[in-house]
Amino acid sequence: SDGYSAIVNLKSAIFDCVIAEWDMLEMSGLELLKHIREDSFLQNTPVLIVMEDGLIEDTVSAYKAGVNVCISRPFKKDVFLEAFKKLFKK
């Protein structure tokens, strides 16, 4: 799905977290993250972003925008599970 669809879906129900691709159609993962953080209803939702290349500049931009966790592809299942667990650690 794309970022715009994600925003519509996020506003229609309560979600425990968001897992998004960095590169999506119509709206990037960074833009989606910024929308989430600017929305008073969604701003505290944990966000994990999956990046294709994991460029340091993109990772820094994501953390500055408020992402909870970033991971880069390719990744092993255990790496994803550890990243997912970090979403809910306080």
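- Residues I14 and F41 have side chains in contact (heavy-atom distance under 4.5 Å, counting atoms from C-beta outward).
- Residues M51 and T59 form a side-chain contact, since some pair of their non-hydrogen atoms from C-beta on lies under 4.5 Å apart.
- A pairwise comparison of heavy atoms in M24 and L32 identifies CE-CD2, 3.8 Å as the closest pair.
- Residues I71 and F88 share a hydrophobic cluster, clusters being chains of Ile/Leu/Val/Met/Phe/Trp/Tyr side chains in contact below 4.5 Å.
- Sorted by first and then second residue, the pairs that involve residues 26-53 and meet salt bridge (Lys or Arg N to Asp or Glu O under 4.0 Å), not counting sequence neighbours, are K11-D39, E52-R73.
- Rounding to the nearest 0.5 Å gives a distance of 5.5 Å between OG of S61 and CH2 of W22.
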Test log, rule side chain to side chain contact (heavy atoms under 4.5 Å, CB included), inputs V18 and L48: CA-CA 6 Å; V18 173; L48 182 152; over 6 Å; no
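- In this structure, N9 and F15 approach most closely via the heavy-atom pair O-CE1, 3.2 Å.
- Nearest heavy atoms, M27 versus I7: CE-CD1, 3.6 Å.
- The backbone N or O of C70 sits less than 3.5 Å from a side-chain atom of Y63, completing a donor-acceptor pair.
- Nearest heavy-atom pair across G29 and I49 is O-CD1, 3.8 Å.
- Tracing side-chain contacts under 4.5 Å through hydrophobic residues (I, L, V, M, F, W, Y), one reaches L87 starting from V79; they form part of the same cluster.
- Side-chain atoms of N68 come within 3.5 Å of backbone atoms of V47 as a donor-acceptor pair (strictly under, hydrogens ignored).
- Relative ring orientation between F84 and F80 is described as parallel, the plane-to-plane angle staying below 30° on a 0-90° scale split at 30° and 60°.
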